[in-house]
Amino acid sequence: MTSLAAWNGDQPVGYCAVRWRVAGGEASIHALMLECAELADVFVAVTWRRRGAGRLLVEAAELLARQRGERTLGLEVTVANPENAAARRLYETLGYQDAGLGEFDAGYSYFLPDGTAHRDEERHRYLIKRLAAL
């Protein structure tokens, strides 16, 4: 996995990761099925959203993937969360298209301060983009 960060001076404003198709890697089952590298955990601080940081992170991830010889980059995007609608529009503007796998639930587990285990899940779609060769 490779991590990328966007900075404004000495302040971090965004982050993403690229998961590679390697044995024992962290790519999702969707990325493995579609034989693609995977963009993951894209995050931009609220005060920096809609100012280009997300686009720069995705474009940097695409360049890195192309440099490593990847032909396709995929990502999971939530479908029902209105806060994520702008992110989905960004991905579509950049050429990401529905991979045709339908909707699926995905989530993560964590512990609350009192030690109680908790799990959050949301409906997702998988998007892919064919990358131009360098």
Can you give me the closest heavy-atom contact between [X] and [Y], atom names plus distance?
| X | Y | result |
| --- | --- | --- |
| Phe111 | Gly115 | CD2-O, 3.4 Å |
| Arg50 | Ala86 | NH2-CB, 3.2 Å |
| Glu121 | Arg119 | OE2-NE, 2.8 Å |
| Ala53 | Trp48 | CB-O, 4.3 Å |

Hey, what do you get for [atom1] ([X]) to [atom2] ([Y]), rounding to the nearest 0.5 Å?
| X | Y | atom1 | atom2 | result |
| --- | --- | --- | --- | --- |
| Met1 | Arg19 | CE | CZ | 7.0 Å |
| Leu4 | Leu63 | CG | CG | 10.0 Å |
| Arg130 | Tyr96 | CZ | OH | 12.0 Å |
| Thr47 | Asn8 | OG1 | CG | 9.0 Å |
| Leu101 | Ile128 | CG | CD1 | 8.0 Å |

Geometric class of the Tyr126/Phe104 ring pair [parallel <30°, tilted 30-60°, perpendicular >60°]:
tilted
With heavy-atom distances below 4.5 Å as the criterion, would you say the side chains of [X] and [Y] are in contact?
| X | Y | value |
| --- | --- | --- |
| Glu122 | Asp120 | no |
| Glu76 | Ser28 | yes |
| Asn84 | Val77 | yes |
| Leu90 | Arg55 | yes |
| Thr78 | Arg123 | no |
| Leu94 | Glu59 | yes |
| Trp20 | Arg68 | yes |
| Gln97 | Glu92 | no |

So with a 6.0 Å cut-off around OH of Tyr110, is the heavy-atom count from everything else above 12?
yes
Neighbour count above 12 (heavy atom, 6.0 Å) for Arg51 CZ
yes
CA sep, side-chain torsions, deciding dist, call: Glu35, Arg71, side-chain contact (heavy atoms from CB on, under 4.5 Å)
CA-CA 9 Å; Glu35 297 182 348; Arg71 295 182 172 193; over 6 Å; no
Linking I/L/V/M/F/W/Y whenever any side-chain heavy atoms sit under 4.5 Å apart, do Leu131 and Leu39 land together?
yes
Hydrophobic clustering (ILVMFWY, side-chain heavy atoms < 4.5 Å, transitive) - are Leu64 and Leu57 grouped together?
yes
Report the residue from Val44, Val58, Leu75, Val42 that forms a side-chain contact (heavy atoms from CB on, under 4.5 Å) with Cys16.
Val42
Strictly distance-based, threshold 3.5 Å: is any side-chain N or O of Thr93 a donor or acceptor partner for the main-chain N or O of Arg89?
yes
Show your reasoning for whether side-chain contact (heavy atoms from CB on, under 4.5 Å) applies to Tyr15 and Asp41.
CA-CA 7 Å; Tyr15 164 88; Asp41 303 324; 3.8 Å; yes
Are Arg21 and Glu38 within salt-bridge range, i.e. N to O under 4.0 Å?
no
Is it true that Lys129 and Glu62 have a side-chain N and a carboxylate O under 4.0 angstrom from each other?
yes
